[in-house]
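A short worksheet on the structure shown next.
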Number of protein chains: 2
Amino acid sequence: MPEPRHSRKTRQREAVLAELRKAKDHPTADQLYERVRKAIPRISLGTVYRNLELLAAVGAIRVVGSPGGRRYDGEMASHHHVRCTGCGRLDDVHMDVGLEMPRSARFSHNYELTGYQVEFLGLCPACVKNFSRPGRKT
Amino acid sequence: MPEPRHSRKTRQREAVLAELRKAKDHPTADQLYERVRKAIPRISLGTVYRNLELLAAVGAIRVVGSPGGRRYDGEMASHHHVRCTGCGRLDDVHMDVGLEMPRSARFSHNYELTGYQVEFLGLCPACVKNFSRPGRKT
DNA sequence: TTGCTTGCAAAGGGTTTGCATAGGA
DNA sequence: TCCTATGCAAACCCTTTGCAAGCAA
């Protein structure tokens with residue numbers, strides 16, 4: 001696969017990005033596909049995947065790996081996440097956690113650090129309620 | 001699938017847990033399978049998966065969801081991770097980041113928070129070296 | 001016109017499941 | 001003995017790819 005030297009502006013690519021930008025949740029590729037399909041019925045799942053990969057590669061969107069499938073995040077402003085350990089629900093946390101980057105080689109493993117992301121863990125309101133029978137992990 | 005009421009102690013389960021506890025990396029199910037196979041050649045991949053799921057459910061191990069596959073972590077002491085955005089390499093960061101939990105409902109989305117985990121991002125030494133041609137994302 | 005993109009469909013790879021048998025309590 | 005756990009293989013996702021046609025630049 002020869003790496004493309006220039007990427008083009010296509011309806012499909014713009015639709016995928018637009019849909020992700022306005023999404024309030026963190027959709028999977030398939031969920032995004034269903035949404036984009038309302039505007040471009042003949043778009044294919046493969047195209048959605050290819051565009052998500054490209055958009056992530058150029059840093060236009062974020063990928064959130066989670067057990068149960070990859071999710072995408074269209075909000076680029078620095079923010080963190082809360083994940084429900086009961087049902088897998090994921091929400092944004094807009095808060096300045098004012099965390100300092102590790103500077104010593106011992107802590108950073110000699111990585112060239114560029115940023116960080118905090119994932120808070122807990123139970124969402126729904127799972128707190130059903131605490132005795134929490135939803136299935138996703 | 002009737003939820004088992006009591007879990008039993010089996011060679012396979014203990015071997016999976018032991019192997020993961022002594023692992024210094026964050027193996028995938030398949031990598032763990034290969035390692036456990038040295039002790040129990042006839043163990044099946046399915047058994048490894050089932051035990052990993054059970055062990056995670058009872059909180060004996062941690063699951064690290066990442067683009068490119070699920071990984072498992074046998075170290076339960078609180079720690080964080082550094083992920084290379086170039087090649088996907090994952091390392092531990094043992095450091096007290098002294099982060100305070102969000103208390104306001106606005107930030108916590110009414111979650112009952114139990115903990116948090118920081119993921120530092122950056123380039124590992126190898127990818128820094130090949131900066132012009134970073135390895136493939138995993 | 002060039003060569004990146006798309007649709008479609010098949011291929012891939014990781015994870016889950018059904019079932020008969022083995023084995024822990 | 002009772003019920004959970006295992007081995008094996010098939011079934012199931014989700015994601016990636018090959019290819020011919022479509023379409024930005």
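Numbers restart at 1 for each chain; the letters A, B, ... are given by sequence-line order, proteins then strands. Hydrogens, waters and symmetry mates are skipped; everything else that's a heavy atom, side chains included, is used.
Ranked by how close their nearest DNA chain C nucleotide is to the 5' end, Ala29(B) and Ser7(B) are led by Ala29(B). Checking His6(B) against Arg42(B), the closest nucleotide of DNA chain D that is more toward the 5' end is the one next to His6(B).
Protein atom CG of Leu52(A) is 14 Å distant from nucleotide atom P of dT5(C), rounded to whole Å. Counting to the nearest Å, the P atom of dC14(D) and the CD atom of Glu34(A) are 12 Å from each other. The nearest whole Å value for the distance from the CD1 atom in Ile43(B) to the P atom in dC8(D) is 11 Å. The distance between atom CD1 of Ile40(B) and atom C1' of dG7(D), rounded to the nearest whole Å, is 12 Å. Between the CD atom of Glu53(B) and the C1' atom of dT17(C) there is a distance of 11 Å, rounded to whole Å. In this structure, OH of Tyr33(B) is placed 10 Å from P of dA9(D), rounded to the nearest angstrom. Across the protein-nucleic acid pair, Arg37(A) atom CZ and dG7(C) atom P stand 11 Å apart, rounded to whole Å. One atom, CZ of Arg13(A), and another, C1' of dG22(D), lie 14 Å apart when rounded to the nearest Å.
Between Thr47(A) and Arg50(A) the shortest side-chain heavy-atom distance falls below 4.5 Å. Between Val93(B) and Phe120(B), some side-chain heavy-atom pair lies under the 4.5 Å cut-off.
Residue contacts for Arg50(B): at a heavy-atom cut-off of 4.0 Å it reaches a base atom on one of the strands shown. Counting any heavy atom pair closer than 4.0 Å across all strands shown, Leu45(B) reaches a base atom. Using a 4.0 Å heavy-atom distance criterion, Asp30(B) is classed as making no nucleic acid contact.
For the OP1/OP2 pair of dG7(C) and a distance below 4.0 Å, the side-chain nitrogens and oxygens of Thr47(A) include at least one atom meeting the criterion. At least one side-chain nitrogen or oxygen of Gln12(B) sits closer than 4.0 Å to the OP1 or OP2 atom of dG7(D). Side-chain nitrogen and oxygen atoms of Thr10(B) include none within less than 4.0 Å of the OP1 or OP2 phosphate oxygen of dG23(C).
Contact check on Glu14(B) versus Arg11(B) returns no salt bridge, with no Lys/Arg side-chain nitrogen under 4.0 Å from an Asp/Glu carboxylate oxygen. Taking a cutoff of 4.0 Å between a charged side-chain nitrogen and a carboxylate oxygen, Glu34(A) and Arg37(A) qualify as a salt bridge.
Between the side chain of His109(B) and the backbone N or O of Asp92(A), at least one donor-acceptor pair lies under 3.5 Å.
Taking only distance into account, the side chain of Arg8(A) never meets the base of dG22(D) through a donor-acceptor pair shorter than 3.5 Å. Judged by distance alone with a 3.5 Å cut-off, no donor-acceptor contact links the side chain of Arg11(B) to the base of dG23(C).
The listed nucleotides are dG7(D), dT6(D), dT15(D); the one nearest the side chain of Ser44(B) is dG7(D).
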